[in-house]
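Reviewing the structure listed below.
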Amino acid sequence: MSLHDDAVRVLKDWSAPDASQERLRETYLAHLQEHPDGMWKACAEGHLTGSALVVDPERGRVLLTLHKKLGMWLQMGGHCEPEDTSLAAAALREGVEESGIRGLALLRPEPVNLDRHLTPCAWHLDVQYAAVAPPGAVEEISEESLDLKWYSYDEVADVADGSVRTLLARTRALL
């Protein structure tokens with residue numbers, strides 16, 4: 001199964017938690033139908049991305065990255081790569097690459113949230129997952145980050161935008 005086909009399957013099977021998320025789910029599916037290259041950065045009209053909110057093993061904090069290009073505290077995430085076997089695998093790979101934490105495990109195989117946002121390269125149609133770090137995990141800053149920091153759930157509202165706050169709220173509801 002191609003990554004494009006996997007993304008279509010994931011989005012068709014996903015039960016959106018509200019009307020706004022349902023509209024985004026339909027937008028993503030329409031984008032993929034119209035753009036066979038809609039998984040890749042080269043698709044100038046926009047492309048799907050995968051991200052993962054990293055939760056600590058005690059499930060009381062999240063790890064955010066101070067994104068080098070955007071200058072914002074965000075969850076780990078980015079573009080799909082040809083070696084990604086699934087959308088979930090892309091999100092998990094990005095989580096590992098940007099956090100430096102080996103052994104991350106998705107909280108569940110389905111997405112937690114969808115978020116569409118404009119970036120310097122194009123529209124990102126982000127499919128957001130949650131991942132749990134293993135006990136004893138130690139983060140390591142990647143070349144894409146200015147900093148990494150663990151934040152308690154209550155601290156996230158002070159540093160992150162609405163997209164991250166929504167992802168956190170939806171993740172917490174699953175813990």
Side-chain angles (χ1 to χ4, degrees), residues 1 3-35 38-41 43 45-65 67 70 72-80 84 86-95 98-99 104-133 150-175:
M1 177 181 295
L3 188 57
H4 187 280
D5 291 343
D6 176 74
V8 169
R9 179 195 58 77
V10 165
L11 292 165
K12 281 185 175 180
D13 291 350
W14 186 61
S15 295
D18 59 36
S20 174
Q21 288 288 284
E22 178 59 23
R23 285 189 298 276
L24 276 178
R25 186 185 77 82
E26 291 169 0
T27 297
Y28 285 25
L29 285 167
H31 178 80
L32 289 172
Q33 184 173 353
E34 295 168 18
H35 302 283
M39 297 300 299
W40 312 117
K41 185 177 180 180
C43 183
E45 290 79 21
H47 38 270
L48 267 69
T49 55
S51 65
L53 181 67
V54 177
V55 180
D56 75 328
E58 292 79 26
R59 299 178 184 204
R61 301 178 302 160
V62 293
L63 183 65
L64 298 180
T65 178
H67 195 278
L70 301 177
M72 300 170 62
W73 287 102
L74 301 169
Q75 75 277 8
M76 315 303 148
H79 296 107
C80 296
D84 293 327
S86 68
L87 198 48
L92 194 57
R93 176 189 50 75
E94 285 288 338
E98 292 188 5
S99 72
L104 290 178
L106 290 180
L107 181 61
R108 66 182 207 165
E110 299 85 19
V112 173
N113 193 58
L114 303 178
D115 184 73
R116 183 177 179 265
H117 50 270
L118 188 59
T119 71
C121 75
W123 282 99
H124 279 187
L125 286 70
D126 197 29
V127 181
Q128 301 174 327
Y129 292 81
V132 179
W150 290 100
Y151 287 98
S152 71
Y153 297 152
D154 292 339
E155 294 173 315
V156 171
D158 295 333
V159 298
D161 69 4
S163 168
V164 177
R165 292 191 304 269
T166 298
L167 176 57
L168 173 59
R170 293 211 166 121
T171 298
R172 288 184 71 185
L174 298 171
L175 293 174

Heavy-atom pair with the smallest gap, counting every atom of His47 and Met39: CB-C, 4.1 Å

Minimal non-hydrogen separation, Leu104 against Ser99, with atom names: CD1-OG, 3.9 Å

Carboxylate-amine/guanidinium proximity below 4.0 Å for Arg23 and Glu26: no

Leu114 versus Trp14, closest heavy-atom pair with distance: CD1-CZ3, 3.5 Å

Working for side-chain hydrogen bond (donor to acceptor under 3.5 Å, both in side chains), residues His117 and Asp115: CA-CA 6 Å; His117 50 270; Asp115 184 73; 2.6 Å; yes

4.5 Å side-chain heavy-atom contact, Tyr129 and Leu87: yes

Approximate separation, where rounding is to 0.5 Å, of His79 NE2 and Asp126 CG: 10.0 Å

Inter-residue atom distance Thr166.OG1 - Leu53.CG, 0.5 Å rounding: 11.5 Å

Side chain to side chain contact (heavy atoms under 4.5 Å, CB included), paired with Leu48, selected from Leu32, Leu3, Val10: Leu32

Distance, nearest 0.5 Å, that separates CG of Leu24 from CZ of Arg116: 8.0 Å

Option from His124, Glu94, Gln75, Glu98 for which side chain to side chain donor-acceptor pair (under 3.5 Å) with Ser51 holds: Gln75

Shortest non-hydrogen separation from Tyr28 to Leu125 and the atoms involved: OH-C, 3.3 Å

Side chain to side chain, Val55 and Leu107, heavy atoms closer than 4.5 Å: no

